[in-house]
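Below, chain A is the first sequence line, B the second, and so on; all start at residue 1. Because only heavy atoms are used, hydrogens play no part in the values below, and waters and symmetry mates are left out as well, while side chains stay in.
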Amino acid sequence: MNPNEMTIAAARDALRKGELSAVDLTMACMVAMDAGDGLNAFVHKTPDIALTQARAADARLAAGEAPALCGIPLGIKDLFCTKGVPSQAGSNILRGFKPEYESTVTAKLFEAGAVMLGKLNMDEVAMGSSNETSCYGNAVNPWRRGNDPTALTPGGSSGGSAAAVSADLCLAATGTDTGGSIRQPAAFTGITGIKPTYGRVSRWGIVAFASSLDQAGPMTKSVRDAAIMLGAMAGHDARDSTSADLAVPDFEAALTGDIRGKRIGIPREYRMDGMPAEIEKLWADGVAMMKEAGAQIVDISLPHTKYALPAYYVIAPAEASSNLARYDGVRYGHRAKLAQSDGITEMYEKTRAEGFGPEVQRRIMVGTYVLSAGFYDAYYNRARKVRALIKRDFEQVFAAGIDAILTPATPSSAFGLGEMADADPVQMYLNDVFTVTVNLAGLPGIAVPVGLDQKGLPLGLQLIGRPWEEGDLLNHAYALERAAGFVAKPTKWW
Amino acid sequence: MSIDIDTARRVAKLARIRVEEADLPRLAGQLSGILGFMEQLNEVDVTGVEPMVSVTPMRLKRRADVVTDGNIQTQILANAPDAREGFFAVPKVVE
């Protein structure tokens, strides 16, 4: 096995034993990264930073000081501000932007010894489910439909992260999830991705999309790796007033694999009309696996599920229209070339028309509309009331003793790039149908690869946990991972 | 609720995004489609439900009202598309 193919856990153990050096591991990843250009996953490479960090990690390891991620090469989603390194959020509006500061998450990862290989492709400002709204052009899924060379989407918005981890260009990557942007791409590429409880991970230094929904999390090759990396990312941060002042437990220690007697809820509303038979079967297989592991399966109802997507597509654009107002061509990023007679209004309007792509423009305008005088109550306040009901649905099932909820992660396997080009924007939004409820309720959710469909593409299931109980959720995921025994990898074509 | 061309023009103006006249009909159609999707929310009985404001029921932390940084003018201006003499530069605002 090449070192870049290792899990975090395996590499950590080999580094600590001195069987592998951080520099050698980083070099192996850089070779894989350069050979993987056809995937368009890495959009800004940082080899000099990576080698400096790897040498420092080797020194720490030699001194017997080996924190969780010491010497582990990671990819960082372009949404995270990284000091002195382009951080564009996949958008032309931030072209040329090099932050003068480091996001809390990347700072914590670096303190834990992690190595940054570079920045990863993503949908523009995290708005998209296929990576096709990126200003860099889309990342490509390493998986294909057997011998069919059709290029498939790695999902979105964290599509570059998913492609890079799945293709072993790095050991793991950061992602962010506003409506499913960690879990959907993880499911499309056969990897693990967890969105923590809202407030578990600091949002400081992450380009904001919808502040009440955004959460960062790890995208990894195993559940154990997700536990290790989440432990390094999480924790209270005074610079994010919504970050929770709670101790971060040892998530890895929670992985016993013992879920005997746990009560797993199966929400009947997630059985959608027209659900592909393969997804239905995967879900049934997952139920059987949890039962086999000793859990009790309980049918539950989350009656407002149907309204989650429309509520999300009011609330997220509303928050986005406010957050994205800062991109005005004054303080950072792109400014349009102006005519002699142009004033400041023309500067704003031309800059934003040039800098934002069509999907981002659409969402800003939807948000502007639902927040405008006369429509605020009809759309925005109504959506926030429905959101309260969606959250209450979950609170009621957890109060009734449910430990975790099992659902499909996505309504299909990865689709072809360009296949949705002529579709109504709403068709693309349906990708988030199983994941978006979790963001609205602020809960932790994890996608775990469970099987392949008939085309040979990975499919994942989602587990949803109680707030702040990521350890227990990860343990459920660990039990599912062990039962599913998913070991398939994409056949290398790139 | 269907969005007409005038409404689309007004929303684009409010959002400070230039949209060419020729593109307004298509934009109006797309916005109408998205808002039509949201009409489903009208089926929900929300009587007596408070709009959700905070994901986690917690009191926001406060800190002392003191200066925590400063003297970083160069860093603040480092990414400006146009900065002159220690200021952000913009086109003329007042005639």
Side-chain angles (χ1 to χ4, degrees), chain A residues 96-100 197-199 212 238 241-242 244-245 304 306-307 309-311 313-314 321 328-335 338 342-350 352-353 356 361-362 364-366 368-370 372 379 381-389 391 424-426 429 442 467, chain B residues 1 3 7-8 10-20 23 26-27 29-31 33-56 58 60-63 68 72 74-83 88-95:
Chain A
F97 177 56
K98 289 185 184 175
E100 294 285 326
T197 313
Y198 181 81
S212 78
S241 62
T242 61
D245 197 355
H304 296 91
K306 182 186 164 193
Y307 303 106
L309 265 182
Y313 277 98
V314 174
S321 77
D328 55 6
V330 175
R331 289 159 295 165
Y332 28 65
H334 178 68
R335 179 187 292 187
L338 301 177
D342 283 346
I344 197 154
T345 304
E346 286 78 12
M347 182 193 75
Y348 295 149
E349 292 181 346
K350 287 185 178 178
R352 289 162 66 79
F356 293 129
Q361 291 191 20
R362 253 194 311 273
I364 290 174
M365 287 191 263
V366 166
T368 303
Y369 181 78
V370 299
S372 64
Y379 288 102
N381 268 342
R382 175 165 281 269
R384 291 196 303 145
K385 288 177 185 177
V386 172
R387 184 179 184 184
L389 292 171
K391 185 163 187 266
D424 189 277
V426 172
Y429 299 169
Chain B
M1 172 113 196
I3 302 284
T7 309
R10 190 173 62 86
V11 170
K13 184 80 194 168
L14 281 172
R16 295 292 184 272
I17 297 174
R18 169 167 298 225
V19 179
E20 301 302 332
D23 297 331
R26 184 177 149 81
L27 176 66
Q30 287 177 336
L31 294 182
I34 295 167
L35 291 165
F37 177 62
M38 295 168 182
E39 296 294 320
Q40 292 176 67
L41 294 176
N42 294 327
E43 298 166 14
V44 186
D45 181 3
V46 293
T47 320
V49 180
E50 283 298 310
M52 189 165 149
V53 280
S54 162
V55 185
T56 309
M58 63 176 190
L60 288 185
K61 283 197 171 257
R62 296 173 180 189
R63 65 167 177 85
T68 55
I72 51 169
T74 328
Q75 282 123 286
I76 299 273
L77 294 173
N79 280 291
D82 190 3
F88 294 109
V90 295
K92 197 158 61 173
V93 180
V94 183
E95 290 299 322

*Most heavy-atom pairs under 4.5 angstrom with chain B, which of Ala311(A), Gly442(A), Gly199(A)?*
Ala311(A)
*Does anything in residues 46-55 of chain B pair up under side chain to side chain donor-acceptor pair (under 3.5 Å), and if so which pairs, sequence neighbours excluded?*
Asp45(B)-Thr47(B)
*Side chain from CB out, backbone as N, CA, C, O: work out which of these in Leu338(A) comes under 4.5 Å of a heavy atom of chain B, or both, or neither.*
side chain
*Which one, Met365(A), Lys306(A), Lys391(A), leads in non-hydrogen pairs under 4.5 Å with chain B?*
Met365(A)
*asked:* Between Glu100(A) and Leu77(B), is there a side-chain heavy-atom distance shorter than 4.5 Å?
replied: no
_Structural part of Asp342(A) lying under 4.5 Å from a heavy atom of chain B_ = backbone
*asked:* Taking Arg16(B)'s backbone N and O only, do any of them form a donor-acceptor pair with Arg352(A)'s side chain (distance below 3.5 Å, no angle check)?
replied: yes
*About how many Å separate CE of Met38(B) and OH of Tyr313(A), when rounded to the nearest 0.5 Å?*
9.5 Å
*Relative to chain A, which segment of Ala83(B) carries a heavy atom at a distance below 4.5 Å: side chain, backbone, both, or neither?*
neither
*In terms of heavy-atom proximity below 4.5 Å to chain B, should Met347(A) be classed as side chain, backbone, both, or neither?*
side chain
*Contact part of Asn381(A) toward chain B, heavy-atom cut-off under 4.5 Å: side chain, backbone, both or neither?*
both
*Measure the CG-CD distance between Asp424(A) and Gln30(B) for me, rounded to the nearest 0.5 Å.*
8.0 Å
_With chain A as the partner, which of Val49(B), Asp82(B), Leu14(B) has the greatest number of non-hydrogen pairs under 4.5 Å?_
Val49(B)
*Salt bridge present between Lys13(B) and Glu349(A) (N-O < 4.0 angstrom)*: yes
*Which value, rounded to the nearest 0.5 Å, describes the distance between Glu39(B) atom CD and Tyr379(A) atom OH?*
4.5 Å
*asked:* Tell me whether Arg382(A) contacts the main-chain N or O of Leu41(B) through its side chain, where contact means a donor paired with an acceptor under 3.5 Å.
replied: yes
*Does Asn79(B) reach the main-chain N or O of Gly333(A) with its side chain, forming a donor-acceptor pair under 3.5 Å?*
no
_Residue Thr7(B) versus chain A: region with a heavy atom under 4.5 Å_ = side chain
*Considering only heavy atoms, which portion of Val314(A) lies under 4.5 Å from any heavy atom of chain B: side chain, backbone, both, or neither?*
both
_Option in Arg63(B), Arg62(B), Glu43(B) with maximal non-hydrogen atom pairs under 4.5 Å from chain A_ = Glu43(B)
*Go through the atoms of Leu27(B) and report whether side chain, backbone, both or neither lie under 4.5 Å from a heavy atom of chain A.*
side chain
_Structural part of Arg10(B) lying under 4.5 Å from a heavy atom of chain A_ = side chain
*With a 4.5 angstrom heavy-atom cut-off, could you sort out which part of Phe37(B) is near chain A: side chain, backbone, both or neither?*
both
*Which region of Ala383(A), side chain (C-beta onward) or backbone (N, CA, C, O), has a non-hydrogen atom less than 4.5 Å from a non-hydrogen atom of chain B, or is it both or neither?*
both
*Which bit of Val19(B) comes within less than 4.5 Å of chain A, counting heavy atoms only: side chain, backbone, both or neither?*
side chain
_Ser321(A) portion near chain B, given a 4.5 angstrom heavy-atom threshold_ = neither
_Side-chain touch Leu35(B)/Tyr369(A), heavy atoms, less than 4.5 angstrom_ = yes
